[in-house]
Engineer: 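Structure below; questions to follow.
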Amino acid sequence: MKLEDLSKSYDPKQYEEEIYRAWEQSGFFNPDSLPNAERRKPFSIVMAPPNITGHLHVGHALENVMSDVLIRRKRMENYKPLFLPGKDHAGIAGQFAVEKELKKEGKTRADLGREKFLERVWEYMREIGSNIDQELKGLGISTDWSRARFTMDEAYQHAVENVFLHYHKKGYIYRGKRVVNWCTRCRTTLSDLEVEYTEEQGKLYHIAYGQIDIATTRPETKLGDSALAAHPADARYTEWIGKDITIETSDPTVPRDKKPKMSKINLHVVADIAADPQFGTGVIKVTPAHDMTDYEIYTRHPEINIVQIIGENGRMNKNAGVRFEGLTVMEARDLMVEDLTTLNLLKKAEDYTHAVAHCDRCKSVIEPLLSDQWFLKMDKLALHAQRAIEKNKVTFVPENRKQIMLDWIAGIRDWNVSRQLWWGHRIPAWRCECDEKTKPARPDSRSGGWHIGLMAPTELCRRCKKPWQQTTDVLDTWFSSALWPFATLHWPDETNDLKTYYPTSVISSAREIFYLWIFRMLFSGLEFMGRPPFKTIFVHPTILDKSGRKMSKSVGNIVDPMKLIGEYGIDAVRFGLMWQVMSTQDIHWSEDALRAGKKFLNKIWNSGRFTLAQIGTQNRTLRKPRATRPHTQKILASLEATSKTVRANIETYEFGTALHTLYDFYWHEFCDVFLEEVKKDPSSETHQVLFYVFASSLKLLHPFIPFITEKLWELTPVQNKTLLIVEEL
RNA sequence: GGACGGUUAGCUCAGUGGUAGAGCAAUCGCUUUACACGCGAAAGGCCGCAGGUUCGAAUCCUGCACCGUCCACCA
């Protein structure tokens, strides 16, 4: 291409595709294929695998561009950087996405059945998965596609099974009946971290319980009451402790079409620290099957019994009595309030704002329910993580995240790892009919009568000669994500990749998944690899809208990175993202930064055209020229200073400062001042310096805006030139 | 209820003890042969509020207000 053919303004669309293809064809995204790979030191980042449920959002773009800046920089610093891409099957989110599609066809997953449904999920994953790959490539990131992983790959599934068996062998896995977060729509449990609380306007009902009044937001749970509790130090109630009191209630045996009837029941009164003397009357009604706190009270007082009144479908079950059975929780609440009013037991109902639990995924209200689930004991695993953090085996950026993580670990509870979903890793737990009869699941028996291990589906039970049945429960999606930094490198096989690239250099994570993912990778890495899975945890900023609100579909303030790329080009979007990253402060999204980027690219382009025209076509070496004149000396010194600042800033993840520094240097010192000097003094020395500063600037800018710099590099007459991505800084 | 962060030009943000800065927008002048996605010039801020330390504070300390995020079993 001749210089005269270059357009007067930079047109990204003209070059982006061709350049990305050239990079891919070079094989340089694969660190093993780099020149002198054996002599380079490893550097590695595993991509936070996007969920295959939709499109990339601007947060993905930010995170991956930041990682890519590091990777590209390290490649030019003679490391062999691995940027490992992949995708997550996203258990509940994945299943929910496909269910939503089915709903449009008027079907549910039950209509298809497990097998057919899973086929459908796989189909969906393949389709959406390849879209996501395209979108990632659209960001210009230099990931090694030959190493791409998916959490449902066969090898990955083996790793997951391996981990489960390991934990079981160590006694960390147990099956227990607990009050869990139950999503009545998804029909599965959720871990505490997958529950989202929203402040909602409700009512606080004051109900007469014998001589005591009790306040509750959920009067329908009255049907499952099995005790009352007061604080042991609460003098008002000491005489009641240990005794039964008689309370009046709506008789649940009266059919719904009849008027409510008063009936009496006895409730035992216990002393328990969970009761706050300051709140209401200081007495709590205890409904152990449907409230976490109440369940804990129950575990401390063996004399209390437990009655489940809400079923997994979110409706009242037969324990609630004919009057309430079959009603949804909300319907039951209304009826109970109506009955209590009629029976004159409702003292008052005041407006009350309280936190209501919702399913992170489908936003349905969570019902706390008593349920048999698999748990992972967290005490030892958390302790190891805690020690590693305390001994600074991992670095947190920003630093204050360290203490935040430690505080959180201190209050950790066992992890409910089972899910009643179809899409996910099946738990390797088996049983057969005879086993079920002879060894019924007892609460808290280690595996509740299940046999844990790997079995062929054809294997028969020795006792009854019938085939073993595998549990239909699957694992929490984060159980597999926790293994990402080593399972992607083929653990448990001791591969070269594992030896070379574990531990990874830095993990870049959204605050949102700090506990959900980062913490779990940390203890998993320690448990299975004996070392933390990353040296540095970089908790990157969250992109909010201009007024500081979280981006969400319902608010309609989402920014689509692909649309922006279509409008501004990849480099301008990368520039705009990095321009706004100041330390780890959240970003109030402003498209101005993209406009600034676009203008800057144009400036680079035209200064490039000018420079190339000035220096002629003869190949030059990249050696630093000697400068004898003030303007050449000045620009070389300035380049040196810029280079140092940029290096320091990238090392400390100060992407915005690095880019601002480059911008100021390039535009205001190189273009505004030096290029004007060149016009006045077109000497050989000036041209040598011009060439050197221009070429050096392209290298420094490349990690941020790789396309335009690669294109200009191609046009620059450099001796023994390769692609810019592998040029030495 | 706890933890953390923010509050500087119209908007998005730098600046962390010595006369206030950038990008974008707005104003005025330039069809100067790299670039009008440009060049030059001018304009714009009692640096959230109230105290304190200091010769001197946007910058350090204390308190308060507002905004935001995360964590927490308050019925």
Side-chain angles (χ1 to χ4, degrees), chain A residues 3 6-11 179 181 192-193 196-197 204-207 214-219 221 228-229 273-287 291-297 352 354-355 357 368 398-401 403-408 410-413 510-515 539 541-542 544-550 568 572 575-576 579-614 654 656-657 659-661 663-664 667-668 671-672 675-676 678-679 694:
Chain A
L3 276 184
L6 297 179
S7 58
K8 283 178 91 172
S9 59
Y10 175 62
D11 174 19
V179 172
N181 306 300
D192 297 340
L193 293 174
E196 197 179 85
Y197 288 87
L204 185 64
Y205 299 94
H206 295 259
I207 303 167
I214 274 179
T216 181
T217 52
R218 304 197 56 192
T221 60
L228 294 174
I273 46 153
D276 176 2
Q278 306 300 317
F279 189 94
T281 54
V283 179
I284 330 182
K285 63 192 263 315
V286 183
T287 319
D291 186 280
M292 310 260 178
T293 310
D294 293 5
Y295 183 79
E296 277 166 31
I297 297 174
Y352 191 69
H354 64 300
E399 274 176 62
N400 65 8
R401 287 284 138 190
Q403 195 54 46
I404 293 174
M405 177 73 90
L406 285 172
D407 290 347
W408 184 79
I412 198 159
R413 305 203 296 181
R511 262 203 309 277
E512 231 181 4
I513 51 175
F514 190 54
Y515 309 117
V539 185
T542 306
L544 309 169
D545 73 6
K546 208 163 192 165
S547 46
R549 288 171 309 177
K550 239 175 154 173
Y568 293 91
F575 178 99
W579 183 256
Q580 296 183 75
V581 175
M582 294 327 264
S583 298
T584 53
Q585 287 316 317
D586 282 351
I587 293 166
H588 289 199
W589 180 254
S590 166
E591 219 170 293
D592 288 345
L594 275 67
R595 275 186 279 276
K598 203 176 160 221
K599 288 184 176 186
F600 185 47
L601 295 177
N602 204 52
K603 190 72 181 174
I604 294 172
W605 184 250
N606 282 296
S607 56
R609 285 171 57 224
F610 175 78
T611 301
L612 296 174
Q614 291 289 315
E654 294 287 356
T657 309
L659 189 53
H660 278 83
T661 305
Y663 178 96
D664 288 342
W667 196 313
H668 300 303
C671 293
D672 286 354
L675 292 190
E676 296 307 316
V678 172
K679 288 176 194 169
F694 178 68

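Computed from heavy atoms alone, side chains included, the values below leave out hydrogens, waters and symmetry copies. Letters A, B, ... mirror the listed sequences (proteins, then strands); counts begin at 1.
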Engineer: Applying a 3.5 Å limit to both distances, which nucleotide forms a Watson-Crick or G-U wobble pair with G63(B)?
Structural biologist: C49(B)
Engineer: Work out how far the P atom of C49(B) is from that of A65(B), and round it to whole angstrom.
Structural biologist: 16 Å
Engineer: If we take the P atom in both C11(B) and A3(B), what is their distance in whole Å?
Structural biologist: 32 Å
Engineer: Categorize A215(A) for me: base, sugar-phosphate, or nothing, with a 4.0 angstrom heavy-atom threshold over every strand shown.
Structural biologist: base
Engineer: With both distances kept under 3.5 Å, what pairs with A3(B), Watson-Crick or G-U wobble?
Structural biologist: U69(B)
Engineer: Rounded to whole Å, please give me the gap between CE in M582(A) and P in G21(B).
Structural biologist: 17 Å
Engineer: Base, sugar-phosphate or nothing for K285(A)? Non-hydrogen atoms, less than 4.0 Å.
Structural biologist: nothing
Engineer: Quick one: look up who A43(B) pairs with, Watson-Crick or G-U, both distances under 3.5 Å, and put none if it's unpaired.
Structural biologist: none
Engineer: Partners of Y197(A) by ring-ring contact (aromatic ring centres under 6.0 Å, His included), sequence neighbours excluded?
Structural biologist: none
Engineer: Do K603(A) and Y663(A) form a cation-pi contact, if we require the NZ or CZ to be under 6.0 Å from the six-membered ring centre and within 45 degrees of the ring's axis?
Structural biologist: no
Engineer: Can you tell me how far P in C39(B) sits from the matching atom in C61(B), rounded to whole Å?
Structural biologist: 41 Å
Engineer: Taking only residues two or more places apart in sequence or in another chain, which ones pass salt bridge (charged side-chain N to carboxylate O under 4.0 Å, His left out) with D291(A)?
Structural biologist: none
Engineer: Could you check how far CD of Q278(A) sits from P of A75(B), rounded to whole Å?
Structural biologist: 15 Å
Engineer: What is the distance, rounded to the nearest whole Å, between atom CG of D407(A) and atom P of G2(B)?
Structural biologist: 14 Å
Engineer: So Y205(A), base contact, sugar-phosphate only, or nothing? Heavy-atom distance under 4.0 Å.
Structural biologist: nothing
Engineer: Under 4.0 Å, heavy atoms only, any strand: does G597(A) hit a base, just the sugar-phosphate, or nothing?
Structural biologist: nothing
Engineer: Does any nucleotide pair with U32(B) by Watson-Crick or G-U wobble geometry, both distances under 3.5 Å, and what is it?
Structural biologist: none
Engineer: Can you name the ring-ring contact (aromatic ring centres under 6.0 Å, His included) partners of Y10(A), sequence neighbours left out?
Structural biologist: W605(A)
Engineer: Write down the atom of K8(A), the atom of N602(A), and the distance for their closest heavy-atom approach.
Structural biologist: O-OD1, 4.2 Å
Engineer: Please tabulate the protein-to-nucleotide N/O contacts below 3.5 Å involving nucleotides 64-72 of chain B, giving atom names and distances.
Structural biologist:
unit_1 : atom_1 : unit_2  : atom_2 : d
C70(B) : OP1    : K550(A) : NZ     : 2.9

Engineer: Mind checking the P distance from G2(B) to G63(B)? Whole angstroms is fine.
Structural biologist: 14 Å
Engineer: Run the ring-ring contact (aromatic ring centres under 6.0 Å, His included) test against F514(A) and tell me which residues pass, sequence neighbours left out.
Structural biologist: none
Engineer: With rounding to the closest Å, how many angstrom separate the P atoms on U16(B) and A58(B)?
Structural biologist: 14 Å
Engineer: Please list, chain by chain and in numerical order, all residues satisfying salt bridge (charged side-chain N to carboxylate O under 4.0 Å, His left out) with K550(A), sequence neighbours excluded.
Structural biologist: E512(A)
Engineer: Closest nucleotide of RNA chain B for A274(A) versus for W589(A): which of these residues is on the 5' side?
Structural biologist: W589(A)
Engineer: Report the nucleotide, chosen from C73(B), C74(B), C13(B), that has the shortest atom-to-atom distance to any side-chain atom of H588(A).
Structural biologist: C13(B)
Engineer: Mind checking Q585(A) for me? I need base, sugar-phosphate or nothing, with any heavy atom below 4.0 Å counting as a touch.
Structural biologist: sugar-phosphate
Engineer: Can you list everything that forms a salt bridge (charged side-chain N to carboxylate O under 4.0 Å, His left out) with R595(A)? Sequence neighbours excluded, please.
Structural biologist: D592(A)
Engineer: Roughly how many Å apart are C24(B) and A36(B), using the P atom of each and rounding to a whole number?
Structural biologist: 15 Å
Engineer: State which residues pass salt bridge (charged side-chain N to carboxylate O under 4.0 Å, His left out) with D11(A); sequence neighbours excluded, sorted by chain then number.
Structural biologist: none
Engineer: Both distances below 3.5 Å, Watson-Crick or wobble geometry, any strand: find the nucleotide opposite A26(B).
Structural biologist: none
Engineer: For nucleotides 25-37 of chain B, just jot down a letter per nucleotide in 5' to 3' order: B, S or -, based on protein non-hydrogen atoms under 4.0 Å.
Structural biologist: S--------BB-B
Engineer: Write down the distance separating the P atoms in U7(B) and U12(B), rounded off to the nearest Å.
Structural biologist: 12 Å
Engineer: What is the separation between atom NE2 on H668(A) and atom C1' on A14(B), rounded to the nearest whole Å?
Structural biologist: 14 Å
Engineer: Tell me which of D664(A) and D291(A) sits closer to the 5' end of RNA chain B, going by the nucleotide each one is nearest to.
Structural biologist: D664(A)
Engineer: Over all heavy atoms of both residues, which pair between P398(A) and V539(A) is shortest? Give the atoms and the distance, please.
Structural biologist: CD-O, 4.0 Å
Engineer: Give the rounded distance in Å between these two atoms: CG of D276(A) and P of A75(B).
Structural biologist: 11 Å
Engineer: Specify the separation, in whole Å, of atom CE of M405(A) and atom P of C4(B).
Structural biologist: 17 Å
Engineer: Name the pairing partner of G17(B), where a pair is Watson-Crick or G-U wobble with both distances under 3.5 Å, or state none.
Structural biologist: none
Engineer: For C74(B), which nucleotide in any strand shown is its Watson-Crick or wobble partner with both distances under 3.5 Å?
Structural biologist: none
Engineer: If you compare all heavy atoms of I297(A) against all heavy atoms of A229(A), which two are closest, and at what distance to 0.1 Å?
Structural biologist: CD1-CB, 4.3 Å
Engineer: Taking atom P in both C37(B) and U27(B), what distance in whole Å separates the two?
Structural biologist: 16 Å
Engineer: Does the side-chain hydrogen bond (donor to acceptor under 3.5 Å, both in side chains) test come out yes or no for D672(A) and H668(A), once each step is laid out?
Structural biologist: CA-CA 5 Å; D672(A) 286 354; H668(A) 300 303; 3.0 Å; yes
